[in-house]
Novice: 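Got a structure for you, questions after.
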Protein chains: 2
Amino acid sequence: MADARTAVNPLFLREEDLRQAIELLFFAYRDFTGEADQLLVEFGFGRAHHRVIYFVGRQPGMTVSELLGILKITKQSLSRVLGTLVTEGFVTQRRGERDRRQRLLHLTAKGADLERRLTERQRQLIAAAYRAAGAEAVDGFRKVLLGIVNPADRATLLDQRRGRP
Amino acid sequence: MADARTAVNPLFLREEDLRQAIELLFFAYRDFTGEADQLLVEFGFGRAHHRVIYFVGRQPGMTVSELLGILKITKQSLSRVLGTLVTEGFVTQRRGERDRRQRLLHLTAKGADLERRLTERQRQLIAAAYRAAGAEAVDGFRKVLLGIVNPADRATLLDQRRGRP
DNA sequence: CAGATAGGGCAGTAATGTTGACATATTCTC
DNA sequence: GAGAATATGTCAACATTACTGCCCTATCTG
């Protein structure tokens, strides 16, 4: 059976193709996050804690507002999670110098360690999938996912690649 | 600045590349599910209801066990969501003929309609991203995501493409 | 018939999320 | 400098989704 779909007309998207994409996203995300979940329970943390640790580690000195914008949750939801992380010594809050209302977020050594351990598994999973798929496939993966992300965050993701933190 | 990464050695994966992948997955999944969430609240449903409606619509006559295996949640968690959907007339349970212990799940017309409306937005988002990225990129997207999915579900996803439901 | 399986139910608990109102400190603007 | 705006934190009340553990019925299979 010849596969005319990809060979001839790349824009002919069957219902089946789109459903497959939906399922791929569901299964891949489920398994991807599952990697870290096992480790998180040992600390009594959930995914919300992971996300905070990840993004603070990614951009040290981040403000609470910036974090809220990324996670797209309410102040209240973040507050509990962040409070726990600060109390248990994974994250520190330092008063901003330029704007003293801000609490700039940083990981402690303990926090950075957990971040590494959590992300390590996910990195390995991605790295294995990247290696198995090859460089061209990786570019395609990036292109499609970027197309799914809303334009504002898409721009941010692209900026980061150009070395601008 | 020459980009030796993809041009020369596809397997040299920098920390930065892997972090970008992690973030792409996070943002893409967040925005992808956000599409349907808006509609779900109008019905008083959450993502869990959507997942059930989606997979039952995908494979009519599915058993409760099969659904549990896909969602990887407990019987109890599914029970509540499924119960609501049955009570409100979105899903029906028919006793299995071969095995009368089974409750085969089907969408009602009402359920199928909601499924279409929910998935429609997500399909459009995927379709737009696919068109913007091009056929080659789509293949790469599939390859990488398949690599992230656990081997068992990966096999299922591949089987479905060959027409075997 | 005995044991395994499919499904359902109950009780209790936890994590994560929501809204809305309000307080404090700080910065910005006129 | 007064007043508006901003960044952050906090309280209360609540919903959804998930979990564990235990128990029950109906049904199938050997």
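Since the model is a prediction, treat every value here as computed from it, not as a measurement. Lettering of chains follows the sequences in order, A, B, ..., and the numbering in each one begins at 1.
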Novice: Any donor-acceptor pair under 3.5 Å joining the side chain of A:Arg47 to the base of D:dA18?
Specialist: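 Donor-acceptor pair under 3.5 Å: no.
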Novice: Could you state the NZ-C1' distance from B:Lys72 to D:dC19, rounded to the nearest angstrom?
Specialist: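 Atom-to-atom, B:Lys72 to D:dC19, this comes out as 17 Å.
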Novice: Quick one: B:Leu78 CG to C:dG8 P, roughly how many Å, whole number?
Specialist: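 In whole Å, C:dG8 P and B:Leu78 CG are 8 Å from each other.
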Novice: More than 12 heavy atoms of other residues, nucleotides or ligands under 6.0 Å from CD of B:Glu42: yes or no?
Specialist: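 Correct, the count exceeds 12.
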Novice: What does the B/S/- profile of nucleotides 19-30 of chain C look like, 5' to 3', with a 4.0 Å heavy-atom cutoff to protein?
Specialist: BB----BBS---
Novice: Nearest-Å distance, NE2 (B:His50) to P (D:dA18)?
Specialist: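 One finds 14 Å between P of D:dA18 and NE2 of B:His50, rounded.
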Novice: If I take atom CG in residue B:Asp37 and atom C1' in nucleotide C:dG17, what distance separates them, rounded to the nearest angstrom?
Specialist: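 Atom-to-atom, B:Asp37 to C:dG17, this comes out as 12 Å.
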Novice: How close or far is atom C1' of C:dG7 from atom CG of B:Leu82, stated in whole angstroms?
Specialist: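 Atom CG in B:Leu82 sits about 11 Å away from atom C1' in C:dG7.
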Novice: Measure the distance from CG on A:Leu71 to P on C:dT18 and round it to the nearest whole Å.
Specialist: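 Those two atoms, CG and P, are 10 Å apart.
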Novice: Run the numbers on A:Arg94 and A:Gln102 for side chain to side chain donor-acceptor pair (under 3.5 Å), then give the verdict.
Specialist: CA-CA 8 Å; A:Arg94 294 182 207 153; A:Gln102 298 179 331; over 6 Å; no
Novice: Do the side-chain N and O atoms of A:Thr63 and A:Arg103 include a donor-acceptor pair separated by under 3.5 angstrom?
Specialist: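 There is no such pair (donor and acceptor under 3.5 Å, judged by atom type) between the side chains of A:Thr63 and A:Arg103.
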Novice: Closer to the 5' end of DNA chain C via nearest nucleotide, is it A:Ile73 or B:Gln102?
Specialist: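 Going by which nucleotide is closer to the 5' end, it is B:Gln102.
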Novice: Could you state the interatomic distance from CZ (B:Arg47) to CG (B:Leu40), rounded to the nearest 0.5 Å?
Specialist: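 Output value for this atom pair is 9.0 Å.
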Novice: Closest approach to the side chain of A:Arg80, judged atom by atom: which nucleotide of C:dG17, C:dA6, D:dA7 is it?
Specialist: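 The answer is C:dG17, which lies nearest to the side chain.
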Novice: Pairing donors with acceptors under 3.5 angstrom, does anything connect the side chains of B:Ser77 and B:Thr74?
Specialist: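 A pair is found: one side chain offers a donor N or O, the other an acceptor, under 3.5 Å apart.
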Novice: Check the distance between D:dT8's C1' and A:Met62's CE and give it to me in whole angstrom.
Specialist: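 Nearest whole value for this atom pair: 16 Å.
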Novice: Tell me: CG of B:Leu40 to P of D:dA15, nearest whole Å?
Specialist: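 These atoms are roughly 18 Å apart.
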Novice: Going by the salt bridge (charged side-chain N to carboxylate O under 4.0 Å, His left out) test, which pairs reach into residues 58-70 of chain A, not counting sequence neighbours?
Specialist: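 Residue pairs passing salt bridge (charged side-chain N to carboxylate O under 4.0 Å, His left out), neighbours aside: A:Arg58-B:Glu16, A:Arg58-B:Glu23.
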Novice: Please work out if A:Gln93 contacts a base, only the sugar-phosphate, or nothing of the nucleic acid, heavy-atom cut-off 4.0 Å.
Specialist: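 Sugar-phosphate, backbone atoms only, no base.
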Novice: Residues in ring pair (Phe, Tyr, Trp, His ring centres under 6.0 Å) with B:Phe32, at least two apart?
Specialist: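 B:Phe32: no ring pair (Phe, Tyr, Trp, His ring centres under 6.0 Å) contacts found.
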Novice: Could you tell me whether the phosphate oxygens of D:dT17, OP1 or OP2, come under 4.0 Å of any side-chain nitrogen or oxygen in B:His49?
Specialist: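 For D:dT17, OP1/OP2 do have a side-chain N/O of B:His49 under 4.0 Å.
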Novice: If you find the nucleotide of DNA chain D closest to B:Phe45 and the one closest to A:Thr63, which residue's nucleotide is nearer the 5' end?
Specialist: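 That would be A:Thr63.
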